S.K.: 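I am attaching a structure below and will ask some questions about it afterwards.
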Amino acid sequence: MQDVIQESFYRSIYPTAEATFLAQRAESLDAQALRRRVKEILHTRDGHQGLSVQQVSWLLQAVRSVADPATRAAIVDAARAVRRTCFGNQVATMVPIEVTSYCASTCKFCGWRADNKDMVRLAISETAIREQAKILARMGFSHFEIAGGDHLPFLRNSLKPLVRALKEETRAVNPEARVSLCLVPMHEAQYTELREHGLDCVLTWQETYCQELFAFHVPSGPKAWGIDLDFAMTRGGDGFMQRLRSQEMAIRSGLQAGLGAMIGLAEHTEADILSVVIHGQRLIEHYGDAVQPLIIGMPAWNSITTTASDNRESMGFNFHSEANFELIAAIYLLAYPDRRAWVFANGRVAPQVQVDCIESAAFFTSTLVQIAPGAYLGLQPEVAQRLGNGSIFIKSSIEADEITQEAIMSGEQFMHYLMPHDAFLQMFSQRGLQVVSDRSMLLH
Ligand code: SF4
């Protein structure tokens, strides 16, 4: 196994990205000149290489709704052609399963931050994950993501059995089933052990690659300081660096990895997007064929469900995510070598925008999204009733008899569109898209 990538590389990602993007912007190309440059880049793109950092940065000059529509259309059209060659009309659907909304971190953009006292908190049992797994696997999903807050005692005690239970139940319905995590970043040894319990993939969104901005938005807790091998917080440690290394640790453990930055968090969100490209390209360059297709997430900075404690507007959010979502997805797809990246269209934008994005760039997507622990049991109330709240939740901030489906859904992590899985399938079929398992698109 190769040496790990040097820390200096990780520290250089955002400064490189921001300097590149701003230097090009300072050239102030007029619309026509930018269109010419973009077309030349698209024309000469080599599918074995993807695009250089400079070239991606030029495409990113077209982000923001004021940019030239013809330039934007050219980028999306080029991505659509690549998408067709690489993935045909196929799309893989995933479903996130939240296991705990308790969190010891304090990210200012998140509804589950520790200091948000308005939030209902819940943590589920192994029984609850098994029942949800059955419901979701029978609906046809083949990729199941365990997600949750930085609830370290819960993760220390429950994560391994939860991964195993989810894999067992979903495999019993669909032998193609795969399991991923979107949790606190871990060490190589922890990922290796979880792989033995059935884990396939680790998704870690960096939020921002700008260290100062990360420190501002993530001031304390495991996300700010990191964790040790026993899931204890390393107070005063470097959570920013541990997070940056999560994909590398996952790849070294034989797992697929996902990366992404939160769209709209940084003032120059384009520099964060370029950072994702620099990071992913380096992983491919360093680890070669050991890197399965990178899942490129596009979380947008959405409002949270407890509106009185939402910081988004007061902290100066100024990015039109929906107007730029498809374009950003297209740039991500073009940036990476063909088949080495799955752009992940998620439910933080309107379903119409999400499906447009799938048609032009994204192979991977979420359809049914209910981001609260235990939420999917509400799809089959008779199951929830049979189990009873006592065996569904192992911890809650409200009394067991107060836990209704409405109370559960009030505790979602942030606001998003809620369209049923069947309605997505209908839209896919209207657009000629065919749902397949993501396993079918792995490299080896
Ligand atoms: S983003 Fe994650 S780590 Fe941060 S407060 Fe929310 S749940 Fe916790």
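Below, each value reflects all heavy atoms present in this structure, side chains not excepted, and no hydrogens, waters or symmetry copies. Order of listing sets the numbers, starting from 1, for every ligand and every atom in it. What you see is a predicted model, and the numbers here were worked out from it, not measured in a lab.
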S.K.: Minimum heavy-atom separation for R439 to E176, with atom names?
M.R.: NE-O, 3.2 Å
S.K.: With a cut-off of 2.8 Å, which protein N/O/S atoms are close to atom 4 (Fe) of ligand 1, if we only count those under it?
M.R.: C107 SG
S.K.: Aromatic ring centroids of W342 and H143 under 6.0 Å?
M.R.: no
S.K.: If the threshold is 4.0 Å, N to carboxylate O, is there a salt bridge linking R130 and E126?
M.R.: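 Salt bridge between R130 and E126, a charged N being under 4.0 Å from a carboxylate O: yes.
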S.K.: Please tell me whether H187 and Q242 have a donor and an acceptor in their side chains that are separated by less than 3.5 angstrom.
M.R.: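 Per modelled atom types, H187 and Q242 side chains form a pair under 3.5 Å.
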S.K.: Give the atoms of ligand 1, by number and element, whose distance to some non-hydrogen atom of Q413 is under 4.0 Å.
M.R.: 6 (Fe), 7 (S)
S.K.: Charged N to carboxylate O below 4.0 Å: is that the case for R386 and E131?
M.R.: yes
S.K.: Can you tell me which residue pairs pass the ring pair (Phe, Tyr, Trp, His ring centres under 6.0 Å) test with a partner in residues 388-416, sequence neighbours excluded?
M.R.: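 Listed once each, the pairs would be none.
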